[in-house]
Structures are given as C-alpha cells and as structure tokens.
There are 2 protein chains.
Amino acid sequence: MSDRPAPRETYSEAIEDFLKAIYLLQQEHERVQTSTLAEALAITAPSTTEMAKKLARAKLVSHEPYRGMRLTAAGERIALEIVRNHRLIELFLVEALGYSWDEVHEEAERLEHAISDRLAERIAEYLGDPHFDPHGDPIPTAEGDVRELELTPLSEWPLHTPGVVTRLLNQAPDMLRYLSEKGLTIGAEVEIVARDPFEGPLTLRTAGGKQVINPNVARYVLLAEKDEAQQR
Amino acid sequence: MSDRPAPRETYSEAIEDFLKAIYLLQQEHERVQTSTLAEALAITAPSTTEMAKKLARAKLVSHEPYRGMRLTAAGERIALEIVRNHRLIELFLVEALGYSWDEVHEEAERLEHAISDRLAERIAEYLGDPHFDPHGDPIPTAEGDVRELELTPLSEWPLHTPGVVTRLLNQAPDMLRYLSEKGLTIGAEVEIVARDPFEGPLTLRTAGGKQVINPNVARYVLLAEKDEAQQR
DNA sequence: CGGTATCTTTAGTTTAACCTAAATCGCGAA
DNA sequence: TTCGCGATTTAGGTTAAACTAAAGATACCG
Ligand SMILES: [Mn+2]
Ligand SMILES: [Mn+2]
Ligand SMILES: [Mn+2]
Ligand SMILES: [Mn+2]
C-alpha cells in the first residue's frame with residue numbers, strides 16, 4: 001500500500017546537502033571553514049561543527065579542528081552524485097517541462113535527494129548524456145568525472161574581443177532574470193566596448209544592443225572564446 | 001479584496017504518508033484501525049497511536065480512542081494532493097521516461113513528497129490532464145475531486161462475458177509482472193470460460209490465449225464492460 | 001610579546017519520529 | 001456476568017538534526 005521504500009542511499013538529506021556544499025566550496029577555497037559552510041547551509045556554526053565531526057568519524061570528511069575541512073575520496077563520490085542529480089534535474093525541467101532557467105534551482109534542491117540511480121540514468125539518457133546544465137555548470141558523469149572548464153569572468157575579459165557566455169556563477173532567480181534582460185544568457189555573444197576606471201560600469205554590446213553593467217555582477221558571468229565555446 | 005488561499009503549511013514525509021495511507025484504507029474500511037494502519041506503514045502500533053493523536057490535535061484526523069480514526073476534510077485535502085502527485089508521477093515515468101508499470105511505484109513513493117505544486121501541474125499538463133494512472137487508479141484533480149469507478153473483480157465476473165481490465169488493486173512488482181504474463185494488462189480484453197468450484201482456478205481467454213488463474217489473484221483485477229471501458 | 005576580537009568548539013536543550021515494555025481497554029466466549 | 005485475550009494506549013527511551021549560551025583557540029595588532 002504505502003509502505004515507504006528502503007532509502008536508496010544510507011545518507012540523509014542533511015548529510016547529502018552538507019557534502020555537496022563542501023564540494024562546491026572546495027572549488028573556491030582549499031580548505032572549507034566552519035563559518036563558510038554554516039553560511040552556505042543556513043545553519044549555525046555549532047550545528048556545522050557537530051555534523052563535521054560525525055562525517056569525519058564516517059571518513060567522508062577530514063576535519064582538522066579550528067582549521068577547516070575537506071572531503072575524502074568517499075565523501076567526494078557522494079557529493080558528485082548529488083551534484084550530478086541536481087544538474088540533470090535542472091536541465092530536464094528546462095528541456096522536458098518548459099521551466100525557465102531561473103525557476104529550476106529550488107525544485108532541484110529537493111529532487112536531487114529523491115531520485116533513484118535508475119531515474120537519474122533515465123533522465124540522462126532522455127537528455128542525450130549532457131555535459132552542462134542550464135547555467136553552464138558541468139554535469140559529472142555517473143562515474144564521478146567532471147571537467148571544470150577554464151573560463152574568464154566578464155569583469156576581466158579584454159576590451160573589443162567577442163566572447164560567448166558559458167557559465168553563470170550566481171543562480172539566484174532575480175540575478176538570472178536581470179542577466180537575461182541584459183542579453184547575458186548561456187551561448188550569447190558579448191563584447192566589451194568600454195570599461196570605466198575605479199571599478200566603474202562596463203559597457204557591453206550584446207544581441208540585445210548596448211548594455212551597461214556593474215563589474216560586481218559581471219564577475220559572475222564566465223566567458224569562453226568563440227571557437228572554444230563550440231566544443232561544449 | 002484578494003482572497004489568495006493562505007500559503008498551505010508544509011507537512012513532513014511521515015505525516016503525508018500517514019494521511020495518504022488512511023485515505024487509501026478508508027476506501028475499504030469505514031473506520032481505520034490502529035493495527036491496520038501500522039501494518040500498512042510498516043511501523044509499530046504505539047508509533048501509529050502517537051501520530052494519530054498528533055494529527056487529531058492538528059484537526060487532520062478524527063481519532064476516537066480504541067475505535068479507529070478517519071480523515072477530516074482538511075486531512076483528506078492533503079491526502080488527495082499526495083495521491084494526485086503519486087499517480088501523476090507514475091504515469092509520467094511510464095509515458096515520458098519509458099518505465100514499465102511494475103517499476104514506478106517505489107520511485108513515486110519518494111517523489112510524491114518532493115515535487116512542488118507547480119511541478120505537479122507541469123507534469124499534468126505534459127500528460128494532457130489524465131484521469132487514470134498506469135494501474136487504472138483514478139488521479140484526483142488539483143481541486144481534490146476523484147471519481148472512483150464502479151468496477152467488478154475478475155473473481156466475480158460472469159462466465160462467457162467479455163470484459164476489459166480497468167484497474168489493478170495489487171501493485172507489487174512481481175504481481176504486476178505475473179498479471180502481464182497472463183495477458184492481464186490495463187485495457188486488455190478478457191473472458192471467463194470456466195470457473196471451478198471450491199475456490200478453484202478460473203480459466204480465462206485473453207489476447208495471449210487460454211490462461212488459468214487463482215481467484216485470490218483474480219480479486220485484484222477489476223473489470224468494466226466493453227462499452228463502459230471506452231469512456232476511459 | 002600580550003591583549004583582544006573573531007572564529008570554533010563544547011555543553012546542554014529541543015523536536016520529530018521512531019522504538020520496546022507495560023498497562024489498560026473492549027469484546028466474545030464460558 | 002465475568003474472564004481472558006487481542007488490540008490499543010501509555011510510559012519511557014533513542015537517534016538525528018537542529019538550536020542557544022558559554023568556553024576555548026587563533027590570529028592579528030599595537
Ligand atoms: Mn538539497
Ligand atoms: Mn545549475
Ligand atoms: Mn511516500
Ligand atoms: Mn498506481
């Protein structure tokens with residue numbers, strides 16, 4: 001009738017989100033600090049320490065008290081599976097169900113824990129084993145391989161040089177909608193026509209015409225050269 | 001005066017499964033007993049009593065100690081939403097992702113709690129607002145309306161009278177595979193050619209030829225007359 | 001080199017959802 | 001009409017995941 005299924009994995013949603021958050025923060029910081037992780041998970045520092053100790057006991061994380069933590073190989077394997085699920089779901093919602101790219105994140109945040117390995121593979125198959133999600137984030141393979149591209153933030157892109165928007169690091173819905181309005185969507189071609197001094201605004205040419213944008217925002221927009229962008 | 005419905009509370013997976021199980025058992029029993037429900041949920045009777053008391057306090061269930069419980073209108077509304085999600089997901093997995101009907105239940109058991117209202121509606125739209133899931137179970141509308149058809153178990157169907165398989169009450173994967181082998185899938189035409197006495201086997205004619213089947217199993221197979229079955 | 005601000009951990013609590021063991025209820029049979 | 005048995009509830013305990021308050025460590029600055 002409605003007997004609950006045996007959990008596919010032995011790990012709780014809390015643990016999965018914890019490991020995933022460490023994985024994502026490790027892209028930026030060599031060691032992940034308690035406070036950074038607490039902030040990312042919207043929980044308190046003591047809760048974070050407690051979970052870190054528990055996962056260290058389980059050998060999913062290596063935690064050196066007072067100086068942060070890193071995933072072990074076992075922890076990374078789990079994190080990559082959740083990241084894969086998340087990004088596959090985001091793309092599936094866009095491709096199969098007409099979601100727009102600014103609506104998918106929250107839905108994926110829950111579904112990433114609820115789908116079976118089998119469903120993840122069916123979705124991947126449906127999508128033709130994609131390598132990138134709707135925000136340009138790379139989708140790890142089922143075996144846990146990811147290739148992070150070497151991309152350059154729009155804020156540091158050279159003047160008068162056409163580039164292609166390839167990845168967006170800030171995925172808050174209002175940020176994504178704002179970037180859409182400026183013509184900065186994945187695959188869009190863009191060129192910087194002027195850069196003001198003192199952290200001043202950038203002037204861009206996009207398909208939608210001339211745009212002005214703050215370099216703090218441009219930091220989130222990663223570009224590739226036109227020919228590099230082809231081979232995605 | 002915009003009377004937008006108050007943002008509905010969100011209930012735990014345990015509560016949602018509890019309400020759903022009561023709903024399903026109410027189809028059979030006027031009042032749902034503690035032990036029946038405990039068995040359906042694979043939890044102990046004390047855990048069941050405790051949850052019943054909690055949901056009675058929340059006015060989702062009316063619980064008369066020692067003599068079972070029923071859903072209130074509020075509880076039924078939630079149960080129907082979960083049942084709708086479950087059945088939409090089952091059908092979606094079959095229609096969009098090539099699952100077979102014996103594989104979908106367990107997946108839906110988790111996903112039913114993880115999808116948003118918006119995703120449920122997108123899935124319904126994708127499927128063309130369907131009224132029945134892959135097992136012939138009716139899918140409640142978003143407003144909470146269900147129409148249960150009046151169907152007859154194969155075990156009680158008259159001899160030499162063609163009928164159409166319309167719903168399957170037992171959805172264990174091995175049962176569903178067994179019924180498939182016997183040619184008893186949704187929409188299949190069937191006729192009883194002999195019925196042995198003393199609860200003996202039924203002899204059937206299906207598209208796959210002559211079949212013999214135990215009446216205990218035939219009880220789960222619900223039939224409609226050929227013309228009734230046309231109107232879905 | 002010491003003082004202090006900030007970050008981190010420890011200690012102790014809470015809540016949800018389960019459990020086992022024991023007490024209690026209700027109903028049918030004697 | 002009472003007895004006893006099965007069903008149900010009560011009592012008390014456990015675990016996971018959060019919290020606040022307080023203690024401890026690190027690092028930076030003068
Ligand atoms: Mn998540
Ligand atoms: Mn993404
Ligand atoms: Mn469920
Ligand atoms: Mn079903």
Side-chain angles (χ1 to χ4, degrees), chain A residues 1-22 25 28-70 75 78 82 109-110 112-114, chain B residues 9-22 25 28-70 75 78 82 109-110 112-114:
Chain A
M1 186 153 293
S2 53
D3 41 1
R4 237 157 297 142
R8 166 180 58 91
E9 269 176 358
T10 18
Y11 303 104
S12 67
E13 186 162 333
I15 289 175
E16 290 182 348
D17 276 338
F18 196 93
L19 294 172
K20 186 182 69 159
I22 299 173
L25 290 169
E28 304 254 323
H29 317 278
E30 181 59 20
R31 302 195 64 81
V32 177
Q33 302 303 129
T34 299
S35 53
T36 314
L37 186 52
E39 155 107 53
L41 291 167
I43 62 177
T44 61
S47 302
T48 306
T49 300
E50 184 179 43
M51 182 65 99
K53 281 167 59 182
K54 181 163 101 180
L55 296 187
R57 248 176 280 129
K59 300 265 201 286
L60 297 175
V61 150
S62 74
H63 178 217
E64 201 183 331
Y66 291 100
R67 40 202 78 225
M69 67 198 89
R70 286 190 62 77
I78 297 160
I82 305 305
E109 199 55 56
R110 273 171 291 109
E112 64 190 359
H113 312 287
Chain B
E9 282 169 73
T10 131
Y11 299 98
S12 69
E13 187 162 334
I15 289 174
E16 289 181 349
D17 276 337
F18 196 93
L19 294 173
K20 186 182 67 160
I22 299 172
L25 290 168
E28 306 252 323
H29 316 278
E30 181 60 20
R31 302 195 63 82
V32 176
Q33 302 302 128
T34 299
S35 53
T36 315
L37 186 53
E39 153 108 52
L41 290 167
I43 61 176
T44 61
S47 301
T48 307
T49 300
E50 184 179 44
M51 183 66 97
K53 281 166 58 182
K54 181 164 100 179
L55 297 187
R57 247 177 281 128
K59 301 264 200 291
L60 298 175
V61 151
S62 73
H63 178 217
E64 202 183 330
Y66 293 100
R67 39 200 81 224
M69 67 198 89
R70 287 190 61 77
I78 298 161
I82 305 304
E109 199 55 57
R110 273 173 288 107
E112 63 190 359
H113 312 286

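Since this is a predicted model, take the numbers as computed values, not measurements. We use all heavy atoms of the structure for the numbers below, so side chains are in, but hydrogens, waters and symmetry mates are not.
Residues A:E109 and A:D17 form a side-chain contact, since some pair of their non-hydrogen atoms from C-beta on lies under 4.5 Å apart. A:M51 places a side-chain heavy atom less than 4.5 Å from the side chain of A:I15.
At a non-hydrogen distance threshold of 4.0 Å, B:T44, B:P46, B:S47, B:E50, B:K54 from residues 44-55 of chain B come into contact with DNA chain C.
With the nearest nucleotide of DNA chain D identified for both A:P65 and A:A14, A:A14 has the one nearer the 5' end.
Partners of A:E30 according to the salt bridge (Lys or Arg N to Asp or Glu O under 4.0 Å) rule, which considers only residues two or more places apart in sequence or in another chain, are A:R70. A:A38 meets the side chain to side chain contact (heavy atoms under 4.5 Å, CB included) test with A:T48; sequence neighbours excluded. Listed by chain and number, the residues in a salt bridge (Lys or Arg N to Asp or Glu O under 4.0 Å) with A:R67 amount to none (sequence neighbours excluded). Considering only residues two or more places apart in sequence or on other chains, A:S47 meets the side chain to side chain donor-acceptor pair (under 3.5 Å) condition with A:T44.
Distance, B:E16 CD to C:dA16 P: 16 Å, rounded to whole Å. Atom P of nucleotide C:dC7 and atom CD of A:E64 are separated by 19 Å, given to the nearest angstrom. When the P atom of C:dT8 is taken as reference, atom CD of A:E39 falls 12 Å away, rounded to whole Å. One interatomic measurement links the two molecules: OH of B:Y66 to C1' of C:dC27, which rounds to 14 Å at whole-angstrom precision. Note: CZ (B:F18) to P (C:dC18) measures 10 Å, nearest angstrom.
Phosphate contact (OP1/OP2 of D:dT8, side-chain N/O of B:Q33, threshold under 4.0 Å): present. OP1 or OP2 of C:dA17 sits under 4.0 Å from a side-chain N or O of B:S12. OP1 or OP2 of C:dT9 sits under 4.0 Å from a side-chain N or O of A:T34. Between B:H63 and D:dT9 there is a side-chain polar atom (N or O) within less than 4.0 angstrom of OP1 or OP2. Applying the 4.0 Å criterion to OP1 and OP2 of D:dT26, one finds that A:R67 has a side-chain N or O inside that range.
Each of C:dC7, C:dA17, D:dA18 was ranked by its minimum atom distance to the side chain of A:I43; first place goes to D:dA18.
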Distance-only criterion, 3.5 Å: show the donor-acceptor pairs between side-chain atoms of residues 55-64 of chain B and protein atoms not counting sequence neighbours.
none

